[in-house]
Number of protein chains: 4
Amino acid sequence: MSGPEGHEPPGRKRPSFIEQARRAQIVEAAAEVVAEVGYAHTSFARIAEKAGISKSVISYHFGGKDEILRLVVTRLFDRGWQHMEPRIAAEKTAAGRVRAWIGSQLEFFQAHRVEFLAMSEIMANHRGEDGSYAYSDELAEEVDGIAEILAQGQRDGELRSFDPRGVANIIVRCVDGVLESWAMDPGVDLDQQAAVLLDFIDHAIGAR
Amino acid sequence: MSGPEGHEPPGRKRPSFIEQARRAQIVEAAAEVVAEVGYAHTSFARIAEKAGISKSVISYHFGGKDEILRLVVTRLFDRGWQHMEPRIAAEKTAAGRVRAWIGSQLEFFQAHRVEFLAMSEIMANHRGEDGSYAYSDELAEEVDGIAEILAQGQRDGELRSFDPRGVANIIVRCVDGVLESWAMDPGVDLDQQAAVLLDFIDHAIGAR
Amino acid sequence: MSGPEGHEPPGRKRPSFIEQARRAQIVEAAAEVVAEVGYAHTSFARIAEKAGISKSVISYHFGGKDEILRLVVTRLFDRGWQHMEPRIAAEKTAAGRVRAWIGSQLEFFQAHRVEFLAMSEIMANHRGEDGSYAYSDELAEEVDGIAEILAQGQRDGELRSFDPRGVANIIVRCVDGVLESWAMDPGVDLDQQAAVLLDFIDHAIGAR
Amino acid sequence: MSGPEGHEPPGRKRPSFIEQARRAQIVEAAAEVVAEVGYAHTSFARIAEKAGISKSVISYHFGGKDEILRLVVTRLFDRGWQHMEPRIAAEKTAAGRVRAWIGSQLEFFQAHRVEFLAMSEIMANHRGEDGSYAYSDELAEEVDGIAEILAQGQRDGELRSFDPRGVANIIVRCVDGVLESWAMDPGVDLDQQAAVLLDFIDHAIGAR
DNA sequence: TATGAATGAGTATTCATTCAT
DNA sequence: TATGAATGAATACTCATTCAT
């Protein structure tokens with residue numbers, strides 16, 4: 001598939017500062033537009049309007065709509081992981097690390113509701129040209145990460161017996177679902193939901 | 001349960017057999033198209049091509065794209081509930097009824113993978129003109145149904161103490177998430193995932 | 001050009017009673033639709049809906065939209081003339097006959113506002129395939145009729161000297177204009193406007 | 001006098017020269033098309049063909065068909081008034097000013113036959129969404145203007161007694177009617193018709 | 001680098017008309 | 001006679017993209 005950055009403006013050596021700024025500005029505007037009007041109604045015209053630039057600037061800096069939206073997702077993902085990683089690493093027990101994983105993830109997205117909404121829309125809609133789903137890899141990585149913690153917890157006799165990958169998948173989907181129900185209706189009290197969710201999962205995995 | 005049918009071909013008294021057949025054919029084709037190419041790329045042209053008819057036939061039978069897609073969702077929802085209801089009612093204990101709810105839901109959608117994919121896409125994308133999410137009601141109803149069962153289980157001393165609505169929401173999202181992970185990748189063994197999920201929830205709600 | 005009736009249902013000998021009734025019903029419905037939504041938005045679908053029949057009945061009885069709308073005009077024209085003729089003939093002086101012409105015309109259309117509106121719309125819009133205006137003949141006949149009266153009045157020394165055809169044209173346009181200003185805004189007091197108009201023309205043609 | 005321009009191409013600061021030229025070109029082409037094939041058959045496709053551009057250029061420069069056609073009317077109206085105003089103001093007597101009004105109006109539109117035809121078609125057909133007539137205001141303004149002159153003439157004892165607004169309405173309709181009879185059939189000698197009309201009105205209002 | 005202008009493919013929808021029943 | 005169903009052409013309009021400046 002195309003390289004990690006995909007598209008480059010013609011006749012370029014390496015990304016100038018102004019170039020990077022423009023790209024970031026456009027990606028940010030794109031996220032806002034997606035969150036506001038939804039994936040299907042997101043167009044270059046709307047993104048350009050939101051960013052206060054002309055449509056053709058977008059075509060100049062990016063290879064296409066897909067590239068921009070992919071960046072919306074991956075940048076948020078990366079920043080999210082930066083927030084989560086140290087908090088997970090600080091915990092010693094498996095249950096503690098799972099709790100840290102979920103808690104810090106909820107924490108991070110709580111502070112980035114609009115971007116989370118955009119990310120959900122994009123992940124739900126982005127497909128390859130063959131109709132296959134993109135982002136399976138990102139999700140799989142997350143599932144793997146949690147599965148590993150769970151397996152370790154079982155080896156240590158800390159957690160009860162269950163299929164670690166199956167449960168990890170369930171946990172990932174749970175957290176995402178709770179976040180979505182909050183993102184779609186900000187009336188929801190996410191802190192309280194988080195507490196319920198952590199308790200729910202504690203019992204589910206038999207953390208003692 | 002489904003709302004008014006909305007549109008009728010001109011000069012009609014009541015739906016003829018042949019018209020009902022056409023409508024069903026179109027709705028079915030629409031579901032397949034959505035599942036294949038995604039909500040954003042679903043168009044009258046593609047639906048017509050899939051159904052082997054001309055574009056204008058669709059406009060003749062339906063008031064608009066929204067009406068067709070809404071029918072994809074509501075018909076599947078209704079048929080799903082018809083499958084689930086007796087299986088839930090047959091159980092006496094709260095844990096049994098929750099298990100029946102989840103199990104029969106997984107069972108039903110396992111037999112309707114394409115339609116489930118389409119339904120997910122549509123529910124994720126359909127919005128009101130103001131950008132608000134449609135289908136919140138359908139989800140809320142499901143959450144309410146499960147919450148009620150959980151609350152009863154707590155009153156009977158069968159289940160441990162927790163916030164019934166919060167947990168019900170988590171359960172709904174869990175099941176949906178597991179279904180989605182299977183629908184997007186049919187390599188997943190749904191029966192095995194179902195067992196893991198039921199066990200997971202059993203422990204989470206403290207069913208004894 | 002096509003014969004006076006234009007289109008006939010296939011395999012026909014002479015118009016049955018029921019056939020004539022259907023045609024009249026359709027023409028009437030067409031007039032109402034044109035008056036309501038305007039020429040440009042008048043369609044078989046709307047006419048059929050108004051008449052409570054199916055679209056294809058219209059195609060069965062008429063050769064096309066043009067034929068129906070032509071009938072709306074000519075039928076109203078004919079009925080109008082039936083009303084006006086005896087009233088004009090009853091007058092002896094030229095000024096009296098002009099006054100009778102105008103007065104009875106205003107009178108007639110006052111009782112048929114909707115049809116008059118439709119007629120105006122149709123006459124303003126109907127064109128031949130070459131873009132030429134239809135209904136020039138009908139208007140020319142009216143101008144001729146009034147011009148003849150005016151010329152007679154001049155020969156009798158009853159009216160002052162002027163170009164009879166030019167003035168006749170002006171009069172026809174005047175009356176039509178006043179009717180239109182009333183038809184478009186029913187708040188106008190047509191009786192009062194009629195008095196002003198008759199007085200206006202009396203002075204203009206020097207009736208003594 | 002003309003209202004807000006309504007639509008602007010995206011990402012624009014102020015109208016460039018080339019854009020103004022394109023807009024004018026399109027408005028001109030639209031007028032020709034309306035005059036040729038009539039309001040009902042005027043489409044973006046025909047306008048684009050006439051202007052030698054692609055359909056989407058029109059959508060780029062204008063918000064919709066209504067906006068273009070409204071401009072056809074208002075631009076001609078404005079230019080017409082620019083021509084008429086000084087000629088009216090130059091006259092001292094009421095009869096003189098009415099004669100100047102009518103004469104200069106005929107003069108102006110004689111030099112713009114195609115645009116006048118287009119304007120008539122558009123004013124006759126353009127309606128609000130509720131079916132109400134647009135352009136009532138423009139006509140009303142014209143009637144008001146003439147009515148005021150007539151009333152002044154009466155106060156000065158220059159004109160005979162009659163209802164000024166009623167007569168003003170008749171005059172406006174008269175002039176429009178005569179122009180239409182000429183525009184639809186260029187064989188008519190408008191100069192001669194103008195003379196007849198001015199004489200007709202002189203007598204009608206009792207100018208001494 | 002940036003953009004105003006342009007474009008052709010694509011969108012849903014309406015239209016008058018046809019035809020088997 | 002009448003009609004429900006179907007159709008292909010036409011409608012206004014949006015889209016991502018290109019290109020000269």
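Note on naming: letters A, B, ... go to the chains in the order of the sequence lines (proteins, then strands), and numbering restarts at 1 for each one. Quick note: numbers below take in every heavy atom, side chains included, and nothing from hydrogens, waters or symmetry partners. Predicted, not measured: the structure shown is a model, and the values here were computed from it.
In this structure, H61(A) places its NE2 atom 11 Å from C1' of dT3(E), rounding to the nearest Å. Residue F62(C) contributes atom CZ, which lies 15 Å from atom C1' of dA2(F) at whole-angstrom precision. Computed from coordinates, the I47(B) CD1 to dG10(E) P distance equals 17 Å when rounded to whole Å. In this structure, CD of E49(B) is placed 11 Å from P of dT11(E), rounded to the nearest angstrom. The CG atom of D66(C) sits 14 Å away from the C1' atom of dT17(E) (whole-angstrom rounding). Whole-Å rounding puts the R23(D) CZ to dG4(E) P distance at 15 Å. One can place CD1 of I18(D) at 10 Å from C1' of dA20(F), the figure rounded to the nearest angstrom. The distance from atom CD of E67(B) to atom C1' of dT13(E) is 14 Å, rounded to the nearest whole Å.
You'll find a donor-acceptor pair under 3.5 Å spanning the side chain of S56(B) and the base of dG8(F), going by distance alone. Counting atom types as modelled, Y60(D) pairs no side-chain N or O with a base atom of dA6(E) as donor and acceptor under 3.5 Å.
Comparing A45(D) and S54(B), the nucleotide of DNA chain F nearest to each residue sits closer to the 5' end for S54(B). The nearest heavy atom of DNA chain F to F44(A) and to R22(B) marks one nucleotide each, and the one closer to the 5' end goes with R22(B). Heavy-atom nearest nucleotides on DNA chain E were determined for F17(D) and for G63(B), and the one closer to the 5' end corresponds to F17(D). Judged by closest nucleotide on DNA chain E, T42(B) is the one of T42(B) and T42(C) placed further toward the 5' end.
Counting heavy-atom neighbours within 6.0 Å of E32(C) CD, excluding the residue itself, gives a total above 12.
The pairing partner recorded for dC19(E) is dG4(F), the criterion being a Watson-Crick or G-U wobble arrangement whose two distances lie under 3.5 angstrom. Checking dG10(E) for Watson-Crick or G-U wobble geometry (two distances, each under 3.5 Å) identifies dC13(F) as its partner.
Note on R46(B) versus E36(B): no salt bridge recorded, every NZ/NE/NH1/NH2 to OD/OE distance being 4.0 Å or above. Comment: E138(A) does not engage R70(A) in a salt bridge, judged by the lack of any side-chain N to carboxylate O separation of less than 4.0 angstrom. A salt bridge is defined here as a Lys NZ or Arg NE, NH1 or NH2 lying under 4.0 Å from an Asp or Glu carboxylate O, and E28(C) with R75(C) fails to meet this definition.
Side-chain contact, Q25(A) with R22(A): a donor N or O sits under 3.5 Å from an acceptor N or O.
In this structure, S43(A) reaches the sugar-phosphate backbone alone: every heavy-atom distance under 4.0 Å involves primed, P, OP1 or OP2 atoms, never a base. Within the nucleic acid shown, K55(C) comes within 4.0 Å of at least one base atom, counting heavy atoms only. Contacts of I58(A) with the nucleic acid, taken as non-hydrogen atoms under 4.0 Å apart, are absent.
Out of dC13(F), dA12(E), dT14(E), the shortest distance to the side chain of S59(D) is found at dC13(F).
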